[in-house]
Number of protein chains: 2
Amino acid sequence: MPQPKGSKGRVTIIEIADAAGVSKSTVSLVLTGRGSVKPETRQQVLQVMDRLGYVYNRGAANLRNAQSRIVGLVLNDLSNPFFAEFAIGVEKVLQMAGYVAFMANTAESVVRQEQVMRMMREHGAGGIILCPALDTRPEHLDWVRVADTALLVAIRRLPGVNVSHVVPENLAGASRVTRHLVNLGHERIAFLGGMHSMVVRQERHGGFLAAMEAAGRAVDPALNLESMPTRDGGFGAMSAVLSLADRPTAVVCYNDVVAIGAMLAAARHGLVVGRDIAVVGFDDTSEARHVSPALTTVAVDPVGLGERAAALLLKQINDPAIEPESFIGPANLVIRESCGAYQRALAAAG
Amino acid sequence: MPQPKGSKGRVTIIEIADAAGVSKSTVSLVLTGRGSVKPETRQQVLQVMDRLGYVYNRGAANLRNAQSRIVGLVLNDLSNPFFAEFAIGVEKVLQMAGYVAFMANTAESVVRQEQVMRMMREHGAGGIILCPALDTRPEHLDWVRVADTALLVAIRRLPGVNVSHVVPENLAGASRVTRHLVNLGHERIAFLGGMHSMVVRQERHGGFLAAMEAAGRAVDPALNLESMPTRDGGFGAMSAVLSLADRPTAVVCYNDVVAIGAMLAAARHGLVVGRDIAVVGFDDTSEARHVSPALTTVAVDPVGLGERAAALLLKQINDPAIEPESFIGPANLVIRESCGAYQRALAAAG
DNA sequence: TACGATTATTGGAACGTTCCAATTCAGAAA
DNA sequence: TTTCTGAATTGGAACGTTCCAATAATCGTA
């Protein structure tokens with residue numbers, strides 16, 4: 001007869017000991033594999049555990065240990081495939097090290113972010129990888145100074161927070177894609193999407209400006225529009241810029257999602273992207289490859305960033321005295337159709 | 001001077017008590033908010049906790065309580081946006097109930113799945129929502145019978161496992177989209193992608209067969225091809241079917257990802273999808289909307305499924321004696337361009 | 001046979017919390 | 001003043017584990 005569910009709480013090490021005719025200490029030894037216990041005894045104990053459906057109580061164990069081998073992964077936007085891939089990289093590395101990642105999604109809410117990080121610390125997480133929500137303030141992370149939970153910030157740099165960072169090379173990447181447009185002969189180039197307050201936008205826009213300046217191109221402030229970093233935001237920003245008297249011939253977008261919105265808006269205005277106007281993005285999400293025309297963008301290898309982040313965090317967990325360290329991941333130009341380079345090459349060849 | 005990190009382990013309730021000049025019991029009372037404590041005392045205690053950087057030890061607390069207000073969410077494939085959206089639905093509901101979801105990704109590995117579920121139980125999760133990895137066997141879940149962790153299976157039905165399920169209406173959805181093709185006049189219709197062993201494929205293929213039969217269409221076994229449920233798989237299956245002497249005029253794909261691969265293969269063979277051949281998918285991922293031609297598919301509302309799953313699990317956690325219950329989410333036809341209905345309507349009108 | 005030297009096993013004291021029963025306190029009523 | 005009452009506070013016993021020091025069993029060897 002199946003035991004009535006949760007009848008008398010969980011079965012403990014002591015009940016196992018009784019049933020196996022040994023002491024709780026012996027059971028603990030087979031559980032941790034630390035001391036030496038006679039093979040037959042171990043077998044016997046394991047068998048009883050299996051029979052009674054024993055589950056280890058990590059809370060109780062941590063009471064003495066404080067080594068929980070879990071790390072928290074806090075994501076600001078799980079619906080963005082970029083972060084899902086980042087998470088996959090993180091998990092890959094943690095798994096090899098015998099850790100398990102507990103993920104949580106904050107959906108850009110700082111309140112929720114505080115909540116889940118507290119929860120993770122309460123559960124004794126050894127470390128936390130944080131992709132910070134939009135308006136995370138440095139003081140939200142004051143706890144690191146005193147805590148025994150390691151912290152690493154990823155994807156979005158958090159100025160004024162002295163912990164390890166793993167971020168993509170936003171500035172250089174934006175420079176590269178902008179230079180590409182310049183080389184294609186564009187003069188009036190717009191920068192669309194993202195909010196001014198976002199650090200990532202500041203970095204990417206900085207790269208844009210640097211490339212424009214280096215090429216001696218004028219930067220028209222009317223061609224710098226902010227928007228929510230969504231498809232709709234991109235659509236709106238592009239519509240706005242197309243209604244100007246003096247339209248740009250190319251636009252650099254904050255990211256791929258914005259770029260895709262911008263392409264839709266261009267099409268709605270009767271423009272053929274890649275011929276009448278060039279549009280480029282950032283991130284190289286899988287959508288970038290599959291929209292039509294395929295999006296020229298900047299690839300940042302989220303999986304690789306995730307792996308680096310996890311590796312760095314583990315290093316920190318193992319040696320808490322270590323100095324914070326930063327890793328800047330590469331961001332390389334991926335030329336497809338939306339910038340018009342392909343069409344141009346065809347024309348030249350034909 | 002900032003306390004040296006992790007100097008002497010975490011700050012405990014007793015240290016707070018000492019510093020605040022009260023007993024540990026009083027501190028516990030302000031922590032739980034259960035008894036009545038003088039406002040000034042509470043204030044004093046809270047202040048000291050803040051000053052010393054106290055973090056609650058949930059493990060220790062659970063030792064008496066066994067009510068951890070966390071639930072585990074085990075996903076088989078986080079890189080699939082469908083599951084990311086499902087997770088968002090789950091989180092939304094759990095959050096309102098004051099629970100937090102800890103997610104883990106199994107990447108279709110049963111071993112990893114076992115591992116993370118055990119971890120979650122060890123940490124005292126009140127319940128687990130499982131999107132099972134491909135070859136999960138019923139015996140992997142035998143623990144539910146005896147455990148005090150509730151279990152709910154989502155997205156992929158697990159035959160022979162007597163727990164609550166939340167799954168989309170695969171059979172009816174596949175029937176609908178097949179009937180749509182039949183109504184457009186197609187005779188030879190293929191079913192592509194997914195492995196025969198997948199329950200979801202069995203359901204969808206079942207729906208396909210039912211619709212074909214109801215319409216009196218012949219089903220050619222040569223037009224039922226399995227493949228990995230990936231873009232490449234879809235590409236391969238479509239290529240195979242196009243090399244047959246007697247090609248189909250329409251194909252129903254296991255899901256959108258397969259369908260997109262199939263469309264690429266069709267294009268490679270010089271066929272215009274929507275004109276020369278009809279292709280339809282299943283799931284209505286965001287990619288479906290943005291490929292060209294836009295994919296006709298079946299929408300299943302992953303967020304809604306997530307919400308339902310969370311709600312059902314909470315019900316079960318609160319009353320463990322409750323009978324397992326199933327929810328079958330709607331799956332509605334979304335007509336776009338890849339089936340050719342739009343072109344046909346245009347032709348009829350013009 | 002007796003002796004160390006391992007190897008196996010064990011009881012009890014932590015760990016940080018909650019809960020219970022008991023105590024103290026403050027103010028109102030007598 | 002004393003007594004009563006309810007509010008506020010408290011010590012100590014759990015909870016399920018690990019670790020330590022101590023004991024018991026086993027074995028090879030003198």
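FYI, side chains are in, hydrogens and waters are out, and symmetry mates aren't considered; it's all heavy atoms of this structure. Each chain gets a letter, A, B and so on, in the order its sequence line appears, and its residues count up from 1.
- Test A/Leu73, A/Leu151, A/Thr106, A/Leu75 against A/Leu130 for side-chain contact (heavy atoms from CB on, under 4.5 Å) and you get one pass: A/Leu151.
- Contact check of residues 27-41 of chain B against DNA chain C (heavy atom, cut-off under 4.0 Å) returns B/Ser28, B/Thr32, B/Arg34.
- The nearest pair of heavy atoms linking A/Asn62 to A/Ser68 is OD1-CB, 3.4 Å.
- Spacing between atom CZ of B/Arg58 and atom P of C/dT17 amounts to 11 Å, rounded to whole angstrom units.
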What verdict does the side chain to side chain contact (heavy atoms under 4.5 Å, CB included) test give for A/Leu31 and A/Met49, after you've listed the backbone C-alpha separation in whole Å, the side-chain angles of each residue and the deciding distance to 0.1 Å? CA-CA 10 Å; A/Leu31 231 28; A/Met49 289 203 294; 3.8 Å; yes

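- The neighbour count for A/Gln47 CD, taken as heavy atoms of other residues, nucleotides or ligands under 6.0 Å away, does not exceed 12.
- Put simply, the side chain of B/Ser25 and the base of D/dG11 share a donor and an acceptor less than 3.5 Å apart.
- Applying the 4.0 Å criterion to OP1 and OP2 of D/dT9, one finds that B/Ser23 has every side-chain N and O outside that range.
- In terms of heavy atoms, B/Met103 sits closest to B/Met120 at C-CE, 4.4 Å.
- Summarising the local packing, CZ of B/Arg308 is surrounded by 12 or fewer heavy atoms from other residues, nucleotides or ligands at distances under 6.0 Å.
- Note on ring orientation: taking the six-membered ring where Trp is involved, the planes of B/Phe102 and A/Phe102 are parallel (angle under 30°, cut-offs 30° and 60°).
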Grab the N/O contacts between the protein and nucleotides 14-16 of chain C below 3.5 Å, and write none if there aren't any.
from   : atom 1 : to      : atom 2 : distance (Å)
C/dA14 : N3     : A/Arg64 : NH1    : 2.6
C/dG16 : N2     : B/Ala60 : O      : 3.3

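- The residues B/Glu122 and B/Arg118 are annotated as salt-bridged, a charged nitrogen and a carboxylate oxygen being separated by less than 4.0 angstrom.
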